[in-house]
Amino acid sequence: MSTAPARPPIADRFQVRGREAAGGGLDSHPRTPSGTACDVGVPGGGARRAQIPASSRRRSDMDPASQVASGAESAAGADASQGPFPLSTLRHSVSHLMASAVERLYPGTKFGFGPSIEHGFYYDMELPEPLEEKDLKRIEKEMRRIAKQTPQMVCTELSRDEAKAKLAAQDQTYKVEAVDLIPEDETITFWSHGDWADLCEGPHVDRLDREFHFKLLSLAGAYWRGDEKRPMLQRIYGTAFWTKEDLEAHLAWLEQVKLSDHRRIGTDQDLFSVHAEAGAGFVFWHPRLGVVRKEIEDFWWHEHRVRGYQPVYTPHVSREDLFAVSGHLENYGEMMYAPMDIEDIPYRVKPMNCPGHILIYQNRGRSYRELPLRWAELGTVYRFEKSGVVHGMLRVRGFTQDDSHIFCTPDQLADEIAGVLELVRTILDAFGFSFTAYLATRPEKAIGEEDIWERAIDALQRGAQKAGIELELDEGGGAFYGPKIDFKVKDAMGREWQQSTVQCDFNLPDRFDLTYTDTDGHKKRPIMVHRAILGSFERFVGVLIEHFSGKFPFWLAPDQVAVIPIREDHADYARELTARMEREGFRVNCMDDPSHMNKRIKHAQGDQTPFMLIVGEREAAEGTCAVRPRGTRDQVDMPFERFLDLARDLRASRALELPNLSPAT
RNA sequence: GCUGCUGUAGCUCAGUGGUAGAGCACUUCCUUGGUAAGGAAGAGGUCACGGGUUCAAGUCCCGUCAGCAGCUCCA
């Protein structure tokens with residue numbers, strides 16, 4: 001258990017409000033935040049605007065457990081506690097306790113920051129010898145000893161010079177640096193228990209011999225002050241609770257979360273795979289997931305077609321020059337795959353679809369009469385991702401964006417944005433995602449006139465209002481080329497993922513010198529709207545698997561119905577029902593193999609098939625079927641025709657839930 | 001890319017430097033069963049890959065690839 005992960009496998013890497021550094025294109029992969037000041041308690045930092053790694057901030061608002069019942073934290077938030085101090089205080093104190101134990105076991109260790117975080121704590125440190133996971137048990141033991149021996153926690157105030165001298169004498173180089181991060185007007189305090197004294201603002205629990213329960217969970221590397229150019233320290237993650245029950249509930253919850261991991265479900269249900277032979281970050285969709293994707297695509301295209309979108313298709317490979325003009329080569333060349341030389345001309349695999357759509361636009365003169373143009377493409381793009389970040393279907397090197405570009409006049413912008421937002425709502429609602437929308441405004445470094453920004457922001461706001469979407473403000477979080485709205489969806493476990501994004505772009509039209517002829521006969525510059533709704537099919541479906549825990553709604557399920565004849569002589573009837581359903585396009589698994597019925601039922605359950613139809617002598621004679629919906633052990637007998645009606649309704653309505661079948665009816 | 005860990009049958013995992021293992025899945029036979037694993041037998045392996053140490057390597061060492069957790073990054 002000591003190696004249990006500190007948090008669910010698909011953690012929270014993508015969810016925080018993004019800030020685009022540059023672009024001229026749409027990035028469906030949400031971004032992590034740039035470093036911002038943070039109030040999380042750090043030894044020597046505390047609420048003092050110290051830079052600390054992003055993880056602790058993200059965790060504080062995104063860790064799934066914060067959204068879901070998990071022990072004592074659930075009802076009233078992380079700081080609710082039945083103990084004498086808030087949980088965050090306890091955890092901060094336990095991180096000190098851990099540091100003191102490490103110091104005693106590994107003399108010469110240099111310490112960095114060690115704050116409490118949403119569901120526990122960590123401490124960063126540089127040890128003479130690298131720690132291994134098996135060392136955690138030993139450290140826990142030492143922690144218990146120290147807590148008993150020197151329980152009293154004491155706060156002392158030192159002058160800045162005294163603090164630095166003290167820490168320098170101990171060769172605590174990171175701590176010395178930490179002193180300088182504390183604003184001039186703040187006092188310097190140390191918190192100590194026994195021999196151990198740590199630069200820290202506090203607060204802490206009064207005594208370490210109170211009853212509490214903790215566990216060290218995992219080891220990781222973390223750059224000092226979150227900067228990859230600085231040394232990498234070792235980080236120990238742990239958690240603590242006032243009661244044993246709460247700790248156990250938390251650990252059980254971490255285990256339970258693993259069961260919804262899309263990688264596990266993907267293997268169990270034969271949905272997708274990745275292969276070392278093909279390279280990391282390339283997803284292979286198996287037939288069972290292929291049908292899910294196809295259903296989503298069909299739905300997606302329908303919703304686009306009725307809103308005036310037109311399909312376009314663009315090549316996967318283009319001359320490098322194209323990406324030089326767009327600016328991506330210059331700004332993001334390191335994320336593009338290496339050039340291919342074809343007859344001495346460098347070509348590139350496309351990292352995004354917009355330059356291709358622009359070429360179509362540019363192919364002939366455009367009139368205001370044509371605008372707005374709404375072009376959509378399920379465009380597969382390839383981006384190099386560092387080996388350490390590739391993750392299941394959620395962070396990959398090749399993925400299909402549900403990409404669209406709208407070319408419009410400044411006057412049309414507001415309506416176009418409203419239309420996109422309405423579409424976002426329609427599509428995300430269809431999957432049962434609720435979302436939070438963020439309006440990202442002009443960053444410090446930006447191009448474009450102030451009034452165009454104002455108009456675009458106004459358009460985004462009015463569009464949101466029209467679509468009934470509340471916006472949270474992400475001040476200064478826009479792309480340099482224009483403002484945007486990002487949508488983050490929550491999966492069933494409360495984890496937030498950015499999927500949709502709507503971006504106004506004043507940059508690419510300039511770079512490619514796009515024009516249309518206006519009513520006055522003059523050439524004018526169109527505005528481009530980049531938008532993705534699902535983001536990437538890979539990520540969307542990966543999140544979707546977790547959202548449903550592998551239990552797809554009827555319209556999406558790989559197998560919608562399993563027909564199970566009780567005996568072999570009922571197989572003809574089973575095959576007849578199967579054929580009738582398949583004729584209507586339903587996906588049916590006719591389980592007429594001679595294995596035992598219970599075994600086939602078990603198998604259908606493992607695949608999370610929405611309905612089992614169990615048919616025997618009685619059913620064959622009466623033209624009925626015994627319907628057993630997923631997740632129940634009940635069965636309802638009904639005429640097959642009635643089941644067929646039910647299935648048609650479920651499919652047509654794209655219902656997210658299976659109906660309650662009352663045995664009475 | 002960085003820190004730590006991991007890689008043995010389709011899956012989940014045992015395996016002390018000395019002949020490659022289990023459960024489930026799979027195949028065959030038996031079982032004709034009314035709602036969460038019927039019985040028996042069989043097949044399945046270059047122990048991720050490449051070097052090295054050793055009389056002997058799944059086991060120890062180095063490298064590569066891939067995966068896990070985290071950090072950094074993500075047009």
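So you know, we letter chains A, B, ... as the sequences are listed, proteins then strands, and number each from 1.
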Open item on the list: Going by salt bridge (Lys or Arg N to Asp or Glu O under 4.0 Å), name the residues that satisfy it together with A:Glu538, two or more places apart in sequence or in a different chain.
Closed with: A:Arg293

Task: A:Glu129: partners by salt bridge (Lys or Arg N to Asp or Glu O under 4.0 Å), with sequence neighbours left out - done: none

Open item on the list: Counting only side-chain heavy atoms from C-beta out, which of B:U35, B:A75, B:C11 sits nearest to A:Thr267?
Closed with: B:C11

TODO: Would you kindly compare A:Arg264 and A:Glu228 by the position of their nearest RNA chain B nucleotide and give the one closer to the 5′ end?
DONE: A:Arg264

Task: Given RNA chain B, 5'-ward residue of the pair A:Arg618 and A:His275, judged by closest heavy atom - done: A:Arg618

TODO: Kindly confirm or rule out a cation-pi arrangement of A:Arg91 over A:Phe121, judged by NZ or CZ under 6.0 Å from the six-membered ring centre and within 45° of its axis?
DONE: no

What is the distance from [atom1] of [X] to [atom2] of [N], rounded to the nearest Å?
{"X": "A:Ile117", "N": "B:C71", "atom1": "CD1", "atom2": "C1'", "answer": "13 Å"}
{"X": "A:Lys602", "N": "B:G33", "atom1": "NZ", "atom2": "P", "answer": "23 Å"}
{"X": "A:Leu613", "N": "B:U35", "atom1": "CG", "atom2": "P", "answer": "17 Å"}
{"X": "A:Asp607", "N": "B:A37", "atom1": "CG", "atom2": "P", "answer": "16 Å"}

Task: Test item: side-chain donor near acceptor, A:Gln269 and A:Arg288, under 3.5 Å - done: yes

Open item on the list: If we count only N and O atoms by modelled type, under 3.5 Å, do the side chains of A:His286 and A:Ser273 hold a donor and an acceptor together?
Closed with: yes

Open item on the list: Would you say that A:Tyr123 contacts A:Ile236 through its side chain, given a criterion of any heavy-atom pair below 4.5 Å between the two side chains?
Closed with: no

TODO: Please check if the side chain of A:Asp510 supplies one atom and the backbone of A:Asn507 the other of a donor-acceptor pair under 3.5 Å.
DONE: no

Kindly list each side-chain donor-acceptor pair under 3.5 angstrom involving residues 601-616 of chain A, sequence neighbours excluded, with atom names and distances?
unit_1: A:Thr609; atom_1: OG1; unit_2: A:Ala604; atom_2: O; d: 3.3

Task: A:Phe284-A:His275 aromatic ring centre distance below 6.0 Å - done: yes

Open item on the list: Ring centroids only, cut at 6.0 angstrom: are A:Trp285 and A:Phe537 within range, meaning strictly under it?
Closed with: no

Open item on the list: Dot-bracket, 5' to 3', for RNA chain B please: Watson-Crick or G-U pairs under 3.5 Å, [ ] where pairs cross earlier ones, | where the partner sits on another strand, dots elsewhere.
Closed with: (((((((..((((....[..)))).(((((.......))))).....(((((..]....))))))))))))....

How is [X] classified with respect to the nucleic acid when contacts are heavy atoms under 4.0 Å: base, sugar-phosphate, or nothing?
{"X": "A:Glu617", "result": "base"}
{"X": "A:Met336", "result": "base"}
{"X": "A:Glu619", "result": "base"}

- [ ] Go along nucleotides 25-32 of chain B 5' to 3' and tag each nucleotide: B for a protein heavy atom under 4.0 Å from its base, S when only backbone or sugar atoms are that close, - otherwise.
- [x] S-----BB

- [ ] State whether A:His391 places a side-chain N or O below 4.0 Å from either non-bridging phosphate oxygen (OP1 or OP2) of B:A69.
- [x] yes

Check the interface with nucleotides 2-8 of chain B: list each N/O to N/O pair with the protein under 3.5 Å, or write none.
unit_1: B:U3; atom_1: O2; unit_2: A:Gly221; atom_2: N; d: 2.9

Task: Polar pair under 3.5 Å, donor/acceptor by atom type, side chain A:Arg628, base B:U35 - done: yes

TODO: Would you kindly check whether a donor in the side chain of A:Arg235 faces an acceptor in the base of B:C71, or vice versa, at under 3.5 angstrom?
DONE: no

